[in-house]
Amino acid sequence: MTGATLGVGMVGYAFMGAAHSQAWRTAGRFFDLPLQPDMAVLCGRNADATAAAAQRMGWRHTETDWKALLGRDDVQLVDVCTPGDTHAEIAIAALEAGKHVLCEKPLANTVDEAKAMVAAAEAAKAKGVLSMVGFNYRRVPAVALARQLVEQGRIGEIRHVRAVYLQDWIVDPEFPLVWRLQKDKAGSGALGDIGAHIVDMAQFVTGDRLTGVSALTETFVKERPLPEASSGLSASGSSERGEVTVDDTALFIGRFGGGAVASFEATRFATGRKNAIRLEINGSAGSLAFDFESMNELSFYDGTEDPGTAGFRRIYVTESTHPYVGAWWPPGHGLGYEHSFTHEVVDLVRDLAAGNDPTPSFADGLQVQQVLDAVVRSAESGSSWEPIAGED
Ligand code: SOE
């Protein structure tokens, strides 16, 4: 392809790969972009499965070795959608090969890996090669609107941050030991997989950072059937069993640099809760509340109103003036999960074309990793107070 295109090579094609494929496919069709994404190459280890996924999701070519992807002239950006144990190796090599990188969250499985990724990102930036970590929920219009309201001072000085991420997809003890339940592949359990999202969201919306935490983690089901086959979040198990090496739930309290106190809870055992990402922020002049299960809504309490008629009001975040919404449907028609990934890609492409540093950066991803690390240290020591490296 010629002209203003951005050749994309994606590694991985399961749940996140499908979500990112949808984003690359729709971004330039709904948003005016300075570069048109070209879904050039899909990479996966199994040739037949990769070819089938490429055909289904609209990728033009396939590779079975990610190193071959890095040598291709039709790829200018590598999108890393693999389990966490391969993020660092692929992302660093891609940056060194002069490819921009979008890497799924959490950035890495350890702080050391994340630091190496930041070093590679800094070196690449000096040569105009940019990177972003994929915390997609920042780009849900209601969450982006919450950020705008905080920035405008509409809730005043922030006192409380309350964040939970509740799922229930492994509540059945016979659900197999998929990679997300293996520490060597995923780094941690609910903590890194979904706790990382609420740490990023809370810090993004408040514009502030956690300085310290005290935590508790638990693994309710210690052994599970080994998986025979798995795809995304579904799997079938064999008769053999293996040890669960990650947390099923992580709870922690924390302090923000600006003085707010916070509580966080990430669990995959909240029976009946499918993807309930809830964030409530109370400030000196008002409050905001969001729940992903009603993702087109934001609740806002304006404490400056007459107390006689003040109350939480539901903002239906579907106006063309709301963040990202104008590119989609007429007011009132609403968006879904996948749009957050499209918005991520839109912002990334615009930043690449303008030579701006995309956010969240790998350095932001490292900071979240340092929060996760502090949570683990605290939980292991029996809920000690742990400062966040670099923030104390
Ligand atoms: C599984 O818990 C998962 O797919 C996460 O890995 C994603 O990041 C989250 O958005 C949805 O749930």
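These numbers come from the heavy atoms of this one structure, side chains and all, not from hydrogens, waters or symmetry mates. All ligand and atom numbering here is 1-based and tracks the order in the structure. Residues take their numbers from the sequence shown, with the count starting at 1. Model, not experiment: these values are computed from the prediction.
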Counting from 1 in the order shown, the ligand 1 atoms closer than 4.0 Å to a non-hydrogen atom of Y337 are 10 (O)
Counting neighbours of CZ on R139 that are heavy atoms of other residues, nucleotides or ligands and sit closer than 6.0 Å, is the number greater than 12? yes
Testing the 3.5 Å rule here: is there a donor-acceptor pair between the side chains of D347 and Y324? yes
May I ask you to identify, for F292, whether its side chain, its backbone, both or neither come under 4.0 Å of ligand 1 on a heavy-atom basis? neither
Protein heavy atom at shortest distance from atom 5 (C) of ligand 1: D193 OD1, 3.1 Å
T26-T342 side chain donor-acceptor pair, cut-off 3.5 Å: yes
Is it true that the side chains of D208 and Q203 contain a donor and an acceptor less than 3.5 Å apart? no
For the 3.5 Å polar cut-off, considering only N or O atoms, please tell me whether R268 and ligand 1 meet it. no
Pull out every atom of ligand 1 sitting under 4.0 Å from any heavy atom of F15, numbered as shown with elements. 4 (O)
So, regarding N136 and ligand 1 (criterion: nitrogen or oxygen to nitrogen or oxygen, under 3.5 Å), is there a contact or not? no
Given the options T271, D291, T267, L166 meets side-chain contact (heavy atoms from CB on, under 4.5 Å) only with T267
Is the shortest N/O to N/O distance between H197 and ligand 1 below 3.5 Å? yes
